[in-house]
Trainee: 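So that we are looking at the same thing, I have put the structure below in structure tokens.
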Amino acid sequence: MPAPRHWLVKSEPDFFSFADLMAAPGRRTMWDGVRNHQAKLFLRDGMSLGDGVLFYHSNAEPPGVAGLARVASETYADPTQFDPASPYFDPKAKPEAPTWFLRDIEAVEALATFVPLATLKSSTKLSGMLLLQKGSRLSVTPVTAPEWREVLRLGGLKAR
DNA sequence: GCCAACGTTGGC
DNA sequence: GCCAACGTTGGC
């Protein structure tokens, strides 16, 4: 698979919003807690340092894309899998052979206008977007270059 | 709060 | 390996 240059990650804004990322030290955070193997593979093997990331608010009113981020680290083991106090603790994970991996994500900028899910759905250019496919629940998905450009256009940003 | 669509678990 | 039961996601 040729490496996609763009991704979409979901976050519940009540838990961690794009504004929270902008306000974080260095405007960055560990994208921890991913506990789905397909999403893990995208994080560990699919992403490259500097790839563009659409930051999507799920379980929100309304749901939609709030901002742009970038992949800000190489992959490394998600430390929460080894922390019994963490909700993401995985008793089967072994430090010598970690199960779960992550990347750091760094905020770039908010979209000029939030792009609600309904707007994404109304764009024929986004009809193939993985996020919009029936039954799609992955929290990390690849985004094609045309999809990326279209979301930026809808969000009122020039292509970058 | 409802529920469709998935993923995971565990008995067998 | 099958599959029913259960848990989770996430839009509405």
Side-chain angles (χ1 to χ4, degrees), chain A residues 1 4 6-24 29-47 51-71 75-105 107-108 110-144 146-148 150-157:
Chain A
M1 177 179 82
H6 306 289
W7 306 88
L8 179 145
V9 300
K10 297 179 184 175
S11 185
E12 302 199 15
D14 288 348
F15 179 73
F16 192 83
S17 69
F18 186 72
D20 292 330
L21 182 61
M22 291 287 279
T29 192
M30 290 192 305
W31 205 249
D32 60 15
V34 170
R35 292 295 180 269
N36 170 282
H37 287 287
Q38 200 172 344
K40 173 197 74 175
L41 291 174
F42 285 141
L43 281 171
R44 190 188 68 184
D45 304 335
M47 286 181 172
D51 283 358
V53 175
L54 299 173
F55 195 106
Y56 178 85
H57 285 174
S58 61
N59 266 322
E61 187 50 53
V65 178
L68 305 185
R70 70 165 65 96
V71 175
T75 190
Y76 58 101
D78 182 341
T80 63
Q81 69 194 304
F82 308 122
D83 177 4
S86 169
Y88 304 127
F89 177 60
D90 181 348
K92 289 184 283 191
K94 300 196 173 59
E96 64 274 19
T99 304
W100 306 108
F101 291 82
L102 53 65
R103 300 265 182 165
D104 292 351
I105 298 290
V108 175
L111 294 184
T113 53
F114 181 87
V115 181
L117 176 59
T119 302
L120 297 173
K121 286 180 173 175
S122 70
S123 169
T124 56
K125 291 181 179 175
L126 300 179
S127 60
M129 202 174 180
L130 281 178
L131 172 78
L132 304 180
Q133 304 312 303
K134 182 181 175 69
S136 171
R137 296 193 319 191
L138 271 184
S139 63
V140 180
T141 51
V143 171
T144 68
E147 289 164 356
W148 171 267
E150 175 67 355
V151 173
L152 264 57
R153 187 187 70 78
L154 293 170
L157 295 186

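As the structure is a prediction and not an experimental result, all values here were calculated from the model. Residue numbering restarts at 1 for every chain, and letters A, B, ... go by the order of the sequence lines.
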Trainee: Strictly by modelled atom types, are A/Tyr88 and A/Asp83 linked by a side-chain donor-acceptor pair under 3.5 Å?
Mentor: no
Trainee: Who are the side chain to side chain donor-acceptor pair (under 3.5 Å) partners of A/Arg35, not counting sequence neighbours?
Mentor: A/Asp78, A/Thr80
Trainee: Strictly under 4.0 angstrom, non-hydrogen atoms only: write out the protein contact profile of nucleotides 5-10 of chain C, one letter per nucleotide from the 5' end, B, S or -.
Mentor: --BBBB
Trainee: With a 3.5 Å distance limit and no angle check, can you tell me whether A/Gln81 reaches the backbone of A/Trp100 through a side-chain donor-acceptor pair?
Mentor: yes
Trainee: Please give, in whole Å, the distance from B/dG1 P to A/Glu61 CD?
Mentor: 16 Å
Trainee: A/Phe55 vs A/Phe16 aromatic rings, parallel, tilted or perpendicular, using cut-offs 30° and 60°?
Mentor: tilted
Trainee: Taking distance alone, no hydrogens or angles, what donor-acceptor pairs closer than 3.5 Å link side-chain atoms of residues 37-47 of chain A to residues at least two apart or in another chain?
Mentor:
from: A/His37; atom 1: ND1; to: A/Lys40; atom 2: NZ; distance (Å): 3.4
from: A/Lys40; atom 1: NZ; to: A/Thr99; atom 2: O; distance (Å): 3.4

